[in-house]
Amino acid sequence: MATITLPEAEVKETKTQETKKASTGTKYVYFFGGGKADGDGKMKDVLGGKGAGLAEMTNAGLPVPPGFTIQTEACREYMRGALSKDVDTQMDAALARLEALQGQKLGAGENPLLVSVRSGAKFSMPGMMDTILNLGLNDKSVEALAKRSNNPRFAADSYRRLIQMFGNVVLDIEKAAFDEVFDAKKKQKKAKMDTDLDAKALQEVIAEYKKVVKKHAKRDFPQDPHEQLVMARDAVFRSWQNDRAKHYRRINNIDDMLGTAVNVQCMVFGNLGETSGTGVGFTRNPATGVKEFYGEFLMNAQGEDVVAGIRTPVHISELEKIMPDVYNQLRDITTRLEKHYRDMQDFEFTIQEGKLYMLQTRNGKRTGLAAVRVALQMVEEGLITKEDAIFRVDPNQLYDFLVPRLDEKKTKIEVLATGLPASPGAAVGQIVFTADEAVKKAGTGTKKNPVILVRAETTPEDIQGMEVAAGILTSRGGMTSHAAVVTRGMGKCCVAGAGDIAVDEKKREMRVKGQTFEEGDWLSLDGTTGRVIKGKLDTIPPKADDPELLQFMSWAEPFRKMKVRANADIPRDAIQARAFGAEGIGLCRTEHMFFGEEKIPHMRAMILADNEKDRRAALKKLLPMQREDFAGVFKAMDGLPVTIRTLDPPLHEFLPRREELMVDIALLPKYSAKQKKELVAKYKDYGVKGVNDLKKILPGLLARVEELHEFNPMLGHRGCRLGITYPEITEMQARAIFEAAVDVSKKGVKVLPEVMIPLVATLKEMQNQAAIVRRVADEVFKEKGTKIDYMVGTMIELPRAALVADQIAKEAEFFSFGTNDLTQTTFGFSRDDVNKILPTYLAEGILKQDPFAALDQEGVGQLVKMATERGRKTRSNLKVGICGEHGGEPSSVEFCYRTGLNYVSCSPFRVLTARLAAAQAAASESLKVEGGRTK
Ligand code: ADP
Ligand code: MG
Ligand code: MG
């Protein structure tokens with residue numbers, strides 16, 4: 001056996017070289033090896049996740065190549081531009097200790113020590129620096145390695161990989177510059193695979209690579225191993241600040257100030273021949289949660305080869321046949337790790353000439369489905385308690401239960417590629433390569449054919465195709481690519497950036513894994529895991545009453561104290577929300593009811609009316625329709641409260657756009673008969689019955705549109721201002737509400753109406769509108785001879801309202817924070833225009849998060865807190881809730897709980913998430929655990 005850089009080399013006396021306490025007193029470097037580590041698994045803040053895992057595994061006596069971790073404080077110092085000298089001294093001492101332990105010298109001597117330099121922050125961050133392997137190789141040590149291993153090809157291959165990785169991640173040279181050289185060499189030697197290049201060819205590659213370095217970096221590839229090490233370490237520190245890493249931290253809400261640790265570790269080689277290999281795995285299936293050993297490996301390969309997709313990895317069960325002993329040892333170790341961490345593990349291993357080494361272990365990322373299942377299993381297995389289980393699922397992940405998924409039980413699946421899980425759900429369909437083709441093939445009605453739109457990248461021109469497609473697959477682009485963003489908005493399954501797939505739009509084919517797929521071939525996508533699967537799988541429709549989900553929720557729910565309601569405008573959504581566990585409607589937006597086909601003409605007539613009489617006539621027509629809508633919602637929510645907001649948006653939203661009208665008027669004389677007919681249809685709601693009406697009606701319509709035009713509608717004639725200037729609107733709505741309430745309650749439905757006045761800033765406004773509502777209620781009750789309990793309250797969405805909440809509470813029986821508007825008005829941001837500003841603000845770190853996605857607790861949150869307190873000073877039993885996007889966002893839900901709100905209200909599809917978030921918030925308080933959620 002070629003004995004090279006073997007970590008199990010006899011342990012030398014190390015006492016004299018113990019890491020010295022630095023003068024500042026800070027311990028920057030933590031050693032692991034020889035069965036003992038300075039740190040342990042709990043020190044993630046200091047050692048990062050990877051370093052903590054390596055320390056813990058070492059302490060547990062597992063076969064881990066020795067090394068040392070430079071802790072995160074060093075990274076923070078580096079960012080501040082003041083890296084302590086002690087870092088260098090301690091690092092050198094640790095290196096000396098490592099060399100002594102191994103009986104080797106870094107990159108020197110007959111048996112040179114080689115190391116990997118690996119980044120590793122507290123939370124695993126794919127956006128950060130790539131690992132550098134084989135560090136320590138140079139023109140001389142490569143010779144020694146060749147001799148020692150008796151394998152010149154292996155040595156040359158390791159060296160060229162080092163130059164390539166070092167060049168790319170330390171010296172910032174584009175990967176392509178190296179790829180060009182490599183591909184040219186392959187072509188020249190007529191080599192198909194990388195492995196077809198022999199030692200001589202690889203030596204030529206090395207010579208070329210060095211030229212690439214010289215040309216791009218204006219310096220030579222450093223031959224001094226120690227210099228290599230220092231440069232690599234600093235590159236890891238810098239990578240904490242690169243754009244990818246910053247972006248990742250932002251979307252995952254990770255603190256910028258944490259910093260990363262650097263792990264320096266003895267190399268072990270999976271590419272030493274047929275008894276060597278490398279692989280990755282999970283102790284349970286991370287997609288489905290099924291308890292099975294899950295993973296992939298490659299024989300005669302190094303590091304990233306498994307994930308890079310250059311060669312096709314083999315399922316881990318094959319390892320049992322090739323090397324049963326190693327397989328059993330791996331199973332044994334990973335089972336122990338899972339027991340030890342009491343969570344599913346994601347691990348990396350390398351086999352060097354028949355000997356197994358563990359390179360990493362961490363709590364594995366998983367889908368929501370798997371998270372729930374694994375939590376249930378582990379409770380059953382006695383690994384964790386039910387209370388632990390509650391925190392094992394990220395509330396956002398419950399969304400996975402509400403989208404269709406692939407049925408993986410029936411058929412053996414072939415995963416063609418794995419891209420980014422850009423938009424969850426499943427899609428099965430036939431491939432199309434253009435948006436037009438998608439529209440053509442997809443069909444409509446009963447003749448609908450599911451299609452998968454496959455593109456290199458999507459652009460706004462593809463929208464129509466995306467709309468009709470069952471799912472989208474792209475080979476380029478990230479989580480924020482056009483395809484990803486648009487599909488998430490549509491609630492449609494998307495796998496993005498599946499880089500292994502070559503999409504040839506001209507030839508209309510897609511190539512992957514040596515197979516070619518054409519238009520019409522079947523494909524199955526799993527947007528929850530990013531998998532692209534060959535063929536036509538069945539899908540399982542979403543089930544909110546999934547027995548495992550119910551079981552899990554039954555453990556979390558008893559802790560929850562805050563109610564969860566839904567925002568729903570129509571009975572169908574209300575029924576849906578109730579099925580997901582909503583305990584009422586927190587926001588029913590009445591304007592949405594006016595958009596129905598038979599309603600909008602009357603709505604428009606109401607708006608166009610320039611006097612009260614005409615307006616009342618139009619409102620009278622709307623009344624029965626609105627009453628019917630309310631009755632439907634009341635019935636759906638039998639026994640639960642329903643908050644109905646009076647008309648809120650500016651009226652011109654219901655009218656045609658000013659510019660469009662102007663164009664139509666100007667071009668009218670030139671329009672053909674056909675075009676004029678189209679215009680008649682377009683304007684029929686405004687009283688246009690024939691072509692001759694166009695000339696008469698359109699100018700008047702334009703005049704009214706001009707009158708209603710506002711420079712800033714968000715701050716304009718809307719909310720209670722509408723109801724105050726046109727009291728008959730509030731009157732009609734109140735009448736519809738109470739007539740519906742009385743009608744359905746006579747049929748035995750329990751109704752609990754809460755009438756909510758929007759955009760109130762002063763007590764007088766509130767009094768004005770409440771007076772109308774109460775008067776109409778009395779009228780209706782008298783007419784019908786029945787009374788119903790109801791409440792009148794307000795939305796708090798203006799800073800002024802929060803300031804004078806004590807006054808407003810004299811009139812308002814409840815508050816509901818409209819945090820979308822409250823965020824707009826507190827920041828002075830218009831939600832519709834903020835996207836010009838926000839990307840820069842986030843990139844510069846001026847804002848940490850999109851305040852429209854997660855409640856700005858520091859600013860807007862103060863208003864929420866203050867208004868709640870002031871309101872309750874006046875009215876101690878004031879019911880307080882929140883509606884708006886934030887009501888379904890876990891960190892905002894937690895804030896609402898801490899602030900003492902009675903409920904949060906969110907869209908039906910976020911109700912489950914909000915329920916779990918509220919339960920976790922309460923549970924972590926009563927169990928005194930600090931959000932121990934798996935990240
Ligand atoms: P990542 O965080 O991207 O997973 P890692 O630091 O874990 O990066 O390393 C990337 C790859 O290199 C992994 O496959 C890992 O197993 C391998 N690797 C890292 N260090 C060593 C080492 N000392 N010997 C052999 N392989 C290593
Ligand atoms: Mg890794
Ligand atoms: Mg509002």
Side-chain angles (χ1 to χ4, degrees), residues 4-8 32-33 44 47-54 57-58 63-70 95 98 101-102 104 106 112-137 145 154 157-158 161-162 164-166 168-169 229 232-233 235-236 239-240 242 244-245 248 260-272 276-282 295-311 313 330 334 345-353 355-365:
I4 49 150
T5 46
L6 289 184
E8 82 271 32
F32 56 91
K44 281 193 192 172
L47 303 178
K50 200 177 283 167
L54 290 169
M57 286 198 290
T58 302
V64 176
F68 52 86
T69 304
I70 304 167
L95 179 61
L98 187 63
L101 177 68
Q102 293 294 103
Q104 297 174 299
L106 181 66
L113 173 69
L114 304 182
V115 295
S116 63
V117 175
R118 320 169 66 185
S119 60
K122 180 174 182 184
F123 305 109
S124 99
M125 278 179 47
M128 254 161 51
M129 193 197 85
D130 295 322
T131 291
I132 296 176
L133 302 176
N134 312 330
L135 189 133
L137 281 176
L145 183 66
F154 154 73
D157 191 45
S158 303
R161 282 175 195 253
L162 170 64
Q164 192 174 331
M165 286 184 272
F166 194 93
N168 176 240
V169 303
L229 181 59
R233 176 196 70 194
V236 174
S239 75
W240 177 259
N242 73 27
R244 273 188 308 160
Y248 185 85
T260 180
V262 182
N263 300 286
V264 178
Q265 189 176 26
C266 282
M267 281 303 299
V268 286
F269 298 96
N271 53 342
L272 259 177
S276 300
T278 182
V280 297
F282 290 85
E296 291 180 325
F297 76 105
L298 269 175
M299 294 311 281
N300 200 6
Q302 185 171 54
E304 308 279 69
D305 289 0
V306 178
V307 270
I310 304 162
R311 284 159 61 197
L330 182 63
T334 53
Q345 296 298 296
D346 166 359
F347 55 85
E348 289 173 8
F349 64 95
T350 283
I351 305 161
Q352 175 175 300
E353 300 190 304
K355 183 164 169 24
L356 174 70
Y357 293 97
M358 297 306 295
L359 287 169
Q360 195 171 335
T361 194
R362 61 179 165 207
N363 294 344
K365 289 219 159 69

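Read the numbers this way: they start at 1 and go in the same order the structure lists the ligands and their atoms.
Contact annotation: K50 has at least one heavy atom less than 4.0 Å from an atom of ligand 1. Contact annotation: C266 has at least one heavy atom less than 4.0 Å from an atom of ligand 1.
Closest to the Mg ion (ligand 2) among the N, O or S atoms of E348 is OE2.
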Original post:
Does the side-chain contact (heavy atoms from CB on, under 4.5 Å) test come out yes or no for I132 and S116, once each step is laid out?
Top reply: CA-CA 6 Å; I132 296 176; S116 63; over 6 Å; no
Subject >> Test log, rule side chain to side chain donor-acceptor pair (under 3.5 Å), inputs T69 and N263 >> reply: CA-CA 4 Å; T69 304; N263 300 286; 2.9 Å; yes
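Counting only N and O atoms by type, the side chains of R118 and Q265 include a donor and acceptor under 3.5 Å apart. In the model, Q302 has a side-chain atom that pairs as donor or acceptor with a side-chain atom of N134 under 3.5 Å. Side-chain polar atoms of Q345 and T334 form no donor-acceptor pair below 3.5 angstrom.
Of the heavy atoms in L133, only side-chain atoms (C-beta onward) come closer than 4.0 Å to ligand 1.
At a threshold of 4.5 Å between non-hydrogen side-chain atoms, the residues L95 and V264 do not count as touching.
Here the shortest heavy-atom pairing between F32 and L54 reads CZ-CD1, 3.9 Å.
Close N/O approach between T131 and ligand 1 is found [any backbone or side-chain N/O within under 3.5 Å]. Close N/O approach between S119 and ligand 1 is not found [any backbone or side-chain N/O within under 3.5 Å]. Close N/O approach between Q360 and ligand 1 is found [any backbone or side-chain N/O within under 3.5 Å]. Close N/O approach between V268 and ligand 1 is found [any backbone or side-chain N/O within under 3.5 Å].
With a cut-off of 2.8 Å, the Mg ion (ligand 2) has no N, O or S atom of T131 in range.
Taking F166 as the reference, F221 meet the ring-ring contact (aromatic ring centres under 6.0 Å, His included) condition, with sequence neighbours excluded.
Interface of Q265 with ligand 1, defined as ligand atoms under 4.0 Å from a residue heavy atom, comprises 23 (N).
For the residues Q352, E348, Q302, M267, the heavy atom positioned nearest atom 13 (C) of ligand 1 is part of E348.
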